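On a predicted model such as this, the values are computed, not experimentally measured, just so you know. Convention: sequence-line order gives letters A, B, ...; per-chain numbering from 1.
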Amino acid sequence: SVLPTRHPTMQRGVTEALCTHMAGEANASPLSIPSFSYQMKVKVLSRNPDDYVRETKLDIQRVPRNYDPTLHPFELSREYTRALNATKLERVFAKPFLASLDGHRDGVNCMAKHTKSLSTFLSGSCDGEVAIMWNLTKHECVRTLQAHEGFVRGMVVRYCGTSFFTVGDDKTIKQWKMEAPGYGEEEEPLNTILGKTVFTGLDHHWQEGVFATCGQQVDIWDEQRSSPIRSFTWGVESFSSIRFNPVETEILASCASDRSIVLYDMRESAPLKKVIMTMRSNTLCWNPMEAYYFTCSNEDYNLYTYDMRYLDQPVTVHMDHVSAVLDVDYSPTGREFVSASFDKTIRIFPKDVGHSREVYHTKRMQHVICVKWSSDNKYVLSGSDEMNIRLWKAYAAEKLGVLAPRERQAINYNQKLKEKFQHHPQIRRISHHRHLPKSIYHQTKELRIMKEARRRKERNVRKHSRPGTVPVVSEKEKHVVTVVK
Amino acid sequence: MDKVSKKSIKNCSSQTPESAELNPDEVYIDEAEVEELNAADENIICEEEDACKDERKRQRLLEAISALGGKRKRKLGERSEAAVQMSEFTVSGEGEKVNLSDLIGTIDKNAAIPAKTKKQLKTLQQSNKTVECPLSKQESERIQRDVAYQKAASEVSQWKGVIKQNQRAEQLVFPLNQEPSGPKPFERVLTSWKAQTPLEQEIFSLLSINKQPIHDPILTPTEEASLRAMSLEEAKVRHAELQKARALQSYYEAKARRERKIKSKKYHKVQNKHKRKEFLKQFDEMVKTNPAAALEELNKIELARMQERMSLKHQNSGKWAKSQVIMAKYDEGARKSMQQQLEVNKDLTQKLVTSLNNEEDSEIEEVSAEVTPAFVKDAEEGLDSSNPWMRGKLSAEPREKQTSDSVDLTAEGFGGNASEDEEDKHNVAETEEEALLREFDNRRKHRQIQEADTELILCLDDDDNEDKEKTKNAAEDLDTSDKEEELSQFTSLMQGLTDAHWDIEAEFAKTAADTSSQLEQSFIKIGTLEDRELLSQEDSAAEKVPVKPQLSTSTENPLPASPVTEKKRKRKRGIELKHVLTKETNIIHVPLAPTFRDSEDLDESLDQRQLIKEAFAGDDVVSDFLKDKRKQEDTSKPKLLDLTLPGWGEWGGTDLKPSRNKQRRFRIKAALPPPRKDQNLPSVIILEKRNSSVTLHQVNTLPFPFENHAQFESTIRCPMGRTWNTEQTVKKITKPKVVTQLGTIIEPMNRERLGKKLVSPGSQDSVKLS
């Protein structure tokens with residue numbers, strides 16, 4: 001078969017003829033035509049079908065590649081196109097709203113995550129009469145209780161997940177069992193503690209049977225006792241929120257109505273330090289992965305991330321809301337946090353970035369009072385004035401559920417592409433584009449104008465005064481009044 | 001006054017029984033306040049009295065009221081309950097003053113107190129210094145807070161390392177304290193499992209009684225003990241081995257001594273011979289197994305050989321040898337001994353042949369030195385250095401030799417090694433053998449006519465004659481003998497051929513020594529061409545195999561011999577765009593006779609070019625490019641600005657041209673732009689204007705973390721997709737920063753993670769705090 005054979009169809013000038021030579025020879029073999037005056041050699045492509053034919057239909061197509069960079073002169077532009085497509089697709093698939101849980105008969109005032117179960121979720125409403133337990137997978141209410149008279153101010157699940165505590169406007173702290181009462185049993189709290197004053201906030205220790213409340217003073221309670229084991233006062237203020245540090249579990253922080261944030265150590269008899277800001281902070285949240293960072297939501301539309309060791313100025317100022325920020329919660333990975341605002345939106349911020357990466361709103365969502373990030377880092381829950389709890393995806397374009405390996409690879413690749421080309425104007429424009437309600441859009445614009453005006457004025461003042469008399473004050477420094485030792 | 005009363009009333013009202021129960025803080029009514037209540041307020045208080053149900057309260061109030069009329073009495077604040085908070089202002093200095101002497105007075109009577117303390121107390125009594133006032137409450141609290149804060153901050157900053165590490169981590173997998181996936185030992189999985197059924201319990205009790213293993217490691221206690229004892233056993237074994245080695249050593253020493261004392265020459269001779277044989281055997285093995293050691297041995301042998309060659313030993317030139325020469329005429333023994341001497345010399349001077357590479361090289365060198373010593377010298381003296389052929393190293397020739405050798409080998413091991421193709425060719429060769437022979441003759445005659453140089457003819461004739469003879473022999477053999485014999489004949493034929501070539505080359509070299517370098521070059525070239533022609537006739541025959549490498553070497557040599565090859569060489573350098581595409585195709589005259597197929601690569605490139613030419617016949621890329629460039633140049637040229645307006649200052653009307661004067665005045669020529677950057681680059685167009693459609697997609701400012709453009713560009717440039725990277729690389733590059741597991745709760749950072757790192761709290765990262 002290797003001998004030179006005469007090929008009757010072969011003619012002079014037939015150059016594009018590619019004869020597949022199935023003789024089993026790997027290389028091209030010359031075919032010579034001795035009788036012709038012109039000898040033409042045709043290189044024959046022959047490939048082993050084993051190299052490219054799949055064994056089964058389910059196999060992945062084998063694609064031979066040559067990675068020589070000289071063969072790919074347009075790699076950058078191709079990747080850019082891919083990145084652009086990925087960004088567009090992300091926006092196409094960004095459908096964050098999952099479900100609305102309705103059942104409350106008044107605005108949702110507080111919520112609590114279950115510490116051991118992802119599907120269980122608790123919420124307390126403003127009419128105070130109800131604390132509801134939700135099954136998130138079924139989007140349905142499992143159980144309701146008459147917890148307090150008046151507002152349910154605070155709510156927290158014990159670290160073991162067997163019971164939860166509520167505080168209300170009726171000056172009581174109540175501990176409830178997580179399980180529903182059996183048939184014939186009455187819904188009764190495990191313990192009730194009557195307080196002297198109204199409690200406005202509540203948090204539980206992450207490892208021990210100790211919880212803290214705040215009202216006119218900050219009290220640390222042992223679960224076994226009816227009186228606080230420690231109470232902190234510093235000046236005459238009332239507190240709006242208190243939080244235990246999840247990492248350094250003995251440390252607490254609280255927001256006070258005198259525009260201050262106060263730090264405590266449970267083991268010490270006195271508070272640690274206080275920072276007074278220009279406006280009041282509503283709530284704060286500790287970073288669950290980084291012991292010394294916490295973020296507070298402020299009335300001045302901003303959020304401030306502080307390093308507890310250096311309180312004299314915040315690490316980052318997070319701006320974007322156009323009204324008071326009412327609540328903040330960190331993602332369990334400690335990389336991002338979600339904030340709820342009076343401007344009827346919730347926003348997601350990376351922990352070290354000044355502007356939000358995401359804003360969620362719906363037409364019917366009113367002032368968002370409380371917000372939580374689910375402990376599997378997948379969902380965000382927001383409770384708002386108009387009696388609904390809304391379930392959102394934490395990553396708007398993320399596909400929920402199990403991913404096939406190739407799917408995951410593609411997603412990872414696209415993610416990296418977006419990251420790589422994030423500074424390119426077109427991609428930036430598309431990825432940053434969000435549709436906002438008219439009011440918020442205009443208010444943002446207005447705020448921007450106001451800020452610019454203020455900046456301009458300051459600049460002019462500086463220009464017309466003696467050098468050094470009007471110093472440049474950075475955004476971070478602006479919002480801290482003093483640090484009280 | 002009003003205010004005060006209200007305050008007290010408020011206090012009263014808040015004193016509900018539950019709150020009193022809950023909050024043990026006693027609410028004190030300052031005596032002063034109570035005293036200051038006057039009659040005017042009394043009515044209000046009485047009204048409030050009903051509201052306050054507290055008995056004690058009322059009593060106190062009554063007391064206060066009763067006290068209003070009479071003397072101003074001061075009463076100490078009563079503490080009925082343990083209070084957490086006590087006002088510092090409630091403590092009043094009532095009653096008698098207590099002196100130190102009153103307190104100490106009892107000491108003298110008490111014998112239990114040591115004399116030393118008594119003395120100290122006495123000195124204290126005498127001194128009149130007052131103790132410094134303690135810090136105010138605010139200040140002391142402030143200090144307390146500061147200390148507590150410092151402590152907390154230092155405690156917290158222990159996390160710095162972990163946090164930094166997590167921030168820098170390429171990938172974080174949450175939850176953090178996950179166990180590695182994969183198979184686990186069953187003991188770990190089954191730790192909580194307990195024997196529950198009676199059967200299980202029975203089995204486990206039995207196992208425990210017999211000290212059988214339940215958990216890992218699955219070894220009985222005795223086994224474990226034996227394991228532990230193993231070390232002792234090993235030690236024993238080692239000891240024994242050492243003993244044995246020592247004994248053997250002494251034994252061998254003794255033996256060597258004994259042997260050295262033996263005087264018999266014959267014994268030693270035999271011994272030596274035996275040793276050498278052994279050594280050779282070993283050496284051959286060593287060559288295969290341990291070439292490095294073999295090389296060393298070889299060097300040793302080499303050294304011995306050199307010494308032998310330098311010395312006059314065994315050269316039959318000594319006194320004894322001379323006498324033996326004289327005796328040799330008559331004595332058989334003398335002759336034999338001389339022979340022996342020479343043999344020894346030969347043995348020692350003979351070079352050892354092995355398969356090692358460098359050895360081969362040296363051998364080849366030697367051979368070449370033997371064959372062409374004169375040539376080498378001459379070549380080194382007279383010829384240009386750029387020509388490797390003439391550099392005297394003969395880098396090509398030995399290779400030829402090698403190839404021919406290898407060919408021989410393949411031919412010898414034909415049954416196993418030779419491919420099927422060759423067999424086929426052999427079959428063809430059988431049938432056409434005689435025709436071939438005839439052709440040989442013709443070819444030779446033809447060549448004889450052509451040749452110019454007589455010497456060359458001569459040597460080639462010789463060569464051909466040899467060839468002819470051999471092929472004739474082969475043909476005869478083929479007629480008579482069976483196939484295998486044919487094969488062997490062919491191999492011999494091939495050998496002969498290659499040998500002949502070998503000889504030719506050598507002769508060329510010799511002639512080169514005589515004639516000028518130019519001449520010699522042409523000789524070689526022609527010779528090789530001749531060979532090629534000759535051999536191309538035989539391409540279907542078996543000779544093809546040995547000839548091929550030779551020809552390749554001949555084409556390799558870079559001499560500008562014949563115009564044809566020169567042309568080809570030029571082509572080979574690179575396909576130039578213009579030559580290939582725009583110009584008329586070079587018609588290459590292909591000889592009518594079938595070309596030789598050995599110069600494959602040349603042929604190939606030729607064909608390839610033609611193919612390309614035909615494929616892109618319609619495309620005129622270069623002229624297109626040139627047109628493009630011209631257009632670009634034209635657009636960049638400044639344009640004439642014509643501001644002439646018809647009619648102004650002149651007659652108006654149709655078909656009237658503005659006057660030349662006006663034209664000159666109002667036609668403005670723009671200044672010549674700077675020369676184009678691609679002016680001197682014929683195959684490049686450089687666009688000097690910014691392209692607005694591209695700028696839309698370009699980054700105009702350097703993004704934050706990057707420090708310079710190069711950095712940013714380099715990060716952007718490296719591709720990440722699987723089109724440009726291997727699977728593994730892609731996987732590594734596209735690893736997401738954060739990985740979370742579906743449906744698992746991510747717990748906050750745990751102190752356990754720090755515990756591993758924590759050395760001494762607060763020591764590593766002491767934070768300066770304001």
_One pair to check against side-chain contact (heavy atoms from CB on, under 4.5 Å): B:Met720 and A:Tyr413. What are the steps and the verdict?_
CA-CA 8 Å; B:Met720 295 192 301; A:Tyr413 176 49; 3.9 Å; yes
Which region of [X], side chain (C-beta onward) or backbone (N, CA, C, O), has a non-hydrogen atom less than 4.5 Å from a non-hydrogen atom of chain B, or is it both or neither?
{"X": "A:Arg428", "result": "neither"}
{"X": "A:Leu263", "result": "side chain"}
{"X": "A:Lys171", "result": "neither"}
{"X": "A:Trp286", "result": "neither"}
{"X": "A:Lys274", "result": "neither"}
{"X": "A:Ser331", "result": "neither"}
{"X": "A:Arg429", "result": "neither"}
{"X": "A:Gln207", "result": "side chain"}
{"X": "A:Ser374", "result": "neither"}
{"X": "A:Val402", "result": "both"}
{"X": "A:Arg82", "result": "side chain"}
{"X": "A:Gln415", "result": "neither"}
{"X": "A:Lys378", "result": "side chain"}

Please determine whether the number of non-hydrogen atoms from other residues, nucleotides or ligands lying under 6.0 Å from atom [atom1] of [X] exceeds 12.
{"X": "A:Glu250", "atom1": "CD", "value": "yes"}
{"X": "B:Glu170", "atom1": "CD", "value": "no"}
{"X": "B:Glu707", "atom1": "CD", "value": "no"}

_For A:Asn66, is there any backbone N or O sitting under 3.5 Å from a side-chain donor or acceptor partner on A:His72?_
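The answer is yes, because a donor-acceptor pair under 3.5 Å joins these two groups.
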*State whether the side chain of A:Thr249 and the backbone N or O of A:Pro246 hold a donor-acceptor pair below 3.5 Å, judged by distance alone.*
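Not at all, since once roles are kept as given, no pair shorter than 3.5 Å links the two residues.
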Looking at every non-hydrogen atom in both residues, tell me the closest pair between [X] and [Y] and how far apart they are.
{"X": "A:Gln426", "Y": "A:Leu84", "answer": "CB-CD1, 4.1 Å"}
{"X": "A:Asn245", "Y": "A:Ala291", "answer": "ND2-O, 2.9 Å"}
{"X": "A:Met289", "Y": "B:Met749", "answer": "O-CE, 3.3 Å"}

*Sort out for me which residue in A:Trp373, A:Tyr330, A:Tyr395 forms a side chain to side chain donor-acceptor pair (under 3.5 Å) with A:Glu336.*
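Of A:Trp373, A:Tyr330, A:Tyr395, side chain to side chain donor-acceptor pair (under 3.5 Å) with A:Glu336 is met by A:Tyr395 alone.
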Would you mind checking which part of [X] comes under 4.5 Å of any heavy atom in chain A, side chain (CB onward), backbone (N, CA, C, O), both or neither?
{"X": "B:Leu172", "answer": "side chain"}
{"X": "B:Lys731", "answer": "side chain"}
{"X": "B:Thr701", "answer": "neither"}
{"X": "B:Val738", "answer": "side chain"}

*Could you please spell out the steps behind the side chain to side chain donor-acceptor pair (under 3.5 Å) verdict for A:Glu248 and B:Trp159?*
CA-CA 9 Å; A:Glu248 275 300 325; B:Trp159 288 97; 2.7 Å; yes
If you count heavy-atom pairs under 4.5 Å with chain B, which of [options] comes out on top?
{"options": "A:Asn377, A:Asp265, A:Thr333, A:Ile411", "value": "A:Thr333"}
{"options": "A:Tyr293, A:Trp234, A:Trp206", "value": "A:Trp234"}
{"options": "A:Pro425, A:Ala270, A:Ser119", "value": "A:Pro425"}
{"options": "A:Lys116, A:Gln422, A:Glu79, A:Glu268", "value": "A:Glu79"}

Out of [options], return the one with the most heavy atom pairs under 4.5 angstrom to chain A.
{"options": "B:Ile143, B:Thr740, B:Thr734", "answer": "B:Thr734"}
{"options": "B:Gln167, B:Glu141, B:Lys737", "answer": "B:Gln167"}
{"options": "B:Asn725, B:Asn166, B:Thr715, B:Ile733", "answer": "B:Asn725"}

*Quick one: sort the A:His424 and A:Tyr80 rings into parallel, tilted or perpendicular, breaks at 30° and 60°.*
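Answer is tilted, since the angle falls between 30° and 60°.
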*Would you call A:Lys416 and A:Glu419 a salt bridge, taking side-chain N to carboxylate O under 4.0 Å as the test?*
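Yes, this pair counts.
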*In sequence, state the C-alpha distance, the side-chain angles, and the governing distance for B:Asn700 and B:Gln698, and then conclude on side chain to side chain donor-acceptor pair (under 3.5 Å).*
CA-CA 6 Å; B:Asn700 24 357; B:Gln698 280 173 333; over 6 Å; no
